[in-house]
Protein chains: 2
Amino acid sequence: MFSKACEYGIRAAVYVALQSLEGRRVSVNEIAEEIDSPIAFTAKILQQLTRSKVIHSVKGPTGGFEIERTDMDTVKLSMIVHAIDGDDIYVGCGLGLKECNAKKPCPLHDKFVAIRTDLKKMLESTSLYELATGLEVGLTYLKR
Amino acid sequence: MFSKACEYGIRAAVYVALQSLEGRRVSVNEIAEEIDSPIAFTAKILQQLTRSKVIHSVKGPTGGFEIERTDMDTVKLSMIVHAIDGDDIYVGCGLGLKECNAKKPCPLHDKFVAIRTDLKKMLESTSLYELATGLEVGLTYLKR
DNA sequence: AAAATAAAGGACAATTTTATCCGAATTATA
DNA sequence: TATAATTCGGATAAAATTGTCCTTTATTTT
C-alpha cells in the first residue's frame with residue numbers, strides 16, 4: 001500500500017509528535033532507534049518531511065526534530081503520504097491504464113474508486129495528534 | 001496498490017477471458033498488444049497464471065491461452081492478485097510493523113483493517129466473468 | 001519426418017527503491 | 001574561539017522490481 005519510505009515517514013512523524021507532546025526534541029538516531037528503522041534512510045525521509053513542513057528541524061547541539069502542538073491537528077496523514085509517495089495513491093488507475101476515468105473506465109474502475117475514496121477520506125481525516133495520543137496512553141505501538 | 005506485474009496479470013486474464021467467450025485462444029503476442037504491455041514480461045506473468053491454474057495454456061501451433069466458461073465464475077480477482085503479488089495485501093501492517101494485531105496494534109491498525117477488509121471483499125467477490133462481460137458490451141476498456 | 005508455431009524457462013540487463021557513507025553547514029556550549 | 005553535536009546534501013551501494021533475449025520443449029501442419 002505505502003512504500004517503505006512512507007511507512008518509516010509516518011512512524012517517524014508520529015514519534016516526533018509524541019515526544020513533542022512531552023516537550024522533547026528528538027534526534028535522527030533516537031527516532032530510528034525507537035521506530036526500528038535504518039538510520040541513514042530515516043534521515044533522508046525526515047529531510048523530506050522537514051522540507052514539506054510536516055515537522056520542524058533545528059540544527060546543532062540540542063537540535064533535532066519537533067512539531068508544534070497546533071500543527072499536530074493541522075497535519076493529516078494525507079500530507080505525509082503526499083510528501084513522500086507523491087500523489088500515487090490519489091491519481092492513477094488500479095490496473096495501470098494511463099487514460100482511465102468515468103468516461104473510459106477500466107474494468108475495475110468503479111470498485112477501485114470506491115475503495116480509494118475511503119482510503120483518501122481516512123488519510124485526510126486522521127491527524128498526527130490523534131495517532132500520537134493513542135501511543136501516549138499505551139493503546140498503540142510503533143515498534144516490532 | 002498492485003505491482004506492475006499484477007496490473008498486467010489482471011488485464012491479461014481479463015483479455016483472455018473476453019476472447020475465450022468468443023471461442024478464441026490467444027497468444028502472448030496478441031495479449032501484450034491488446035493490453036499494451038511488454039511482451040516478454042507479460043509472458044512471464046502468463047506463466048505464473050498458468051501454473052496457478054487461473055488460465056490454461058496450450059503449446060504449439062494453434063496454441064495459446066484460454067479459460068473455460070465455468071472457470072470465469074470461479075476465478076476471482078483475489079486469486080490473480082495472490083498468484084502474482086502473494087498475500088502482501090492480506091497480511092501485514094500498514095505501517096510495516098512485524099508484529100501488529102488487535103492486541104498490539106500500530107496507531108493506524110483499526111482504520112487500516114477497515115479499508116483492507118473492503119478491498120479484500122471486493123477482490124474476493126469480483127469474478128473474471130464479471131470483468132470480461134463489461135468489456136464485451138463496450139462499457140469498459142483495457143488499453144490506454 | 002521435417003518444418004513451423006507457440007509456450008516454458010533460464011540468463012541477463014535496466015530501472016527503481018531501499019539503504020549506507022561521508023563531508024559540509026549550522027549552532028549551542030565550554 | 002574551539003569543540004562537539006546535530007541536520008543537510010551528495011555520491012554510492014545493495015536489493016527488488018521490471019523488462020529483454022535466447023534456447024528448449026511441445027505440438028500442429030505440411
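Convention: sequence-line order gives letters A, B, ...; per-chain numbering from 1. Reckoned from all heavy atoms, side chains included, excluding hydrogens, waters and symmetry mates.
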Give me the distances for all protein-to-nucleotides 3-7 of chain C N/O pairs that come in under 3.5 Å?
unit_1: C:dT5; atom_1: O2; unit_2: B:P61; atom_2: N; d: 3.3
unit_1: C:dA6; atom_1: O4'; unit_2: B:G60; atom_2: O; d: 3.2
unit_1: C:dA7; atom_1: OP1; unit_2: B:V28; atom_2: N; d: 3.0
unit_1: C:dA7; atom_1: O3'; unit_2: B:S57; atom_2: OG; d: 3.3

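- Partner B:S20 forms a side chain to side chain contact (heavy atoms under 4.5 Å, CB included) with one of B:R25, B:R69, B:H56, B:M72 and no other, that one being B:M72.
- At a threshold of 4.5 Å between non-hydrogen side-chain atoms, the residues A:M79 and A:K53 do not count as touching.
- Nucleotide D:dC8 holds its C1' atom 14 Å from the CG atom of A:L49, rounded to whole Å.
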Return the polar atom pairs (N/O with N/O) between nucleotides 12-18 of chain C and the protein under 3.5 Å, or none.
unit_1: C:dT18; atom_1: OP1; unit_2: A:K4; atom_2: N; d: 3.0

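- Counting to the nearest Å, the P atom of D:dT20 and the NZ atom of B:K44 are 12 Å from each other.
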**Request:** I would like to know whether B:K143 and B:E33 meet side-chain contact (heavy atoms from CB on, under 4.5 Å); could you show each step before the answer?
**Result:** CA-CA 9 Å; B:K143 242 176 147 178; B:E33 168 71 25; 4.1 Å; yes
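- Checking the phosphate oxygens (OP1, OP2) of D:dC8, no side-chain nitrogen or oxygen of A:R51 falls inside 4.0 Å.
- Looking at A:E99 and B:Y141, their side chains never bring a donor and an acceptor atom within 3.5 Å of each other.
- Of the inter-residue distances, the one linking A:I45 atom CD1 with A:S3 atom OG reads 7.5 Å to the nearest 0.5 angstrom.
- In this entry the distance linking CE of B:M1 with C1' of D:dT17 reads 19 Å, nearest Å.
- A 6.0 Å sphere centred on CD of A:E68 holds no more than 12 heavy atoms belonging to other residues, nucleotides or ligands.
- In this structure, CD1 of B:I39 is placed 8 Å from P of D:dT20, rounded to the nearest angstrom.
- Between B:R25 atom CZ and D:dT28 atom C1' there is a gap of 11 Å when expressed in whole angstrom units.
- Following rounding to the nearest Å, A:Q48 (CD) and D:dC8 (P) show an atom-to-atom distance of 12 Å.
- Taking CG from A:D85 and NZ from A:K4, the interatomic distance works out to 12.5 Å, rounded to the nearest 0.5 Å.
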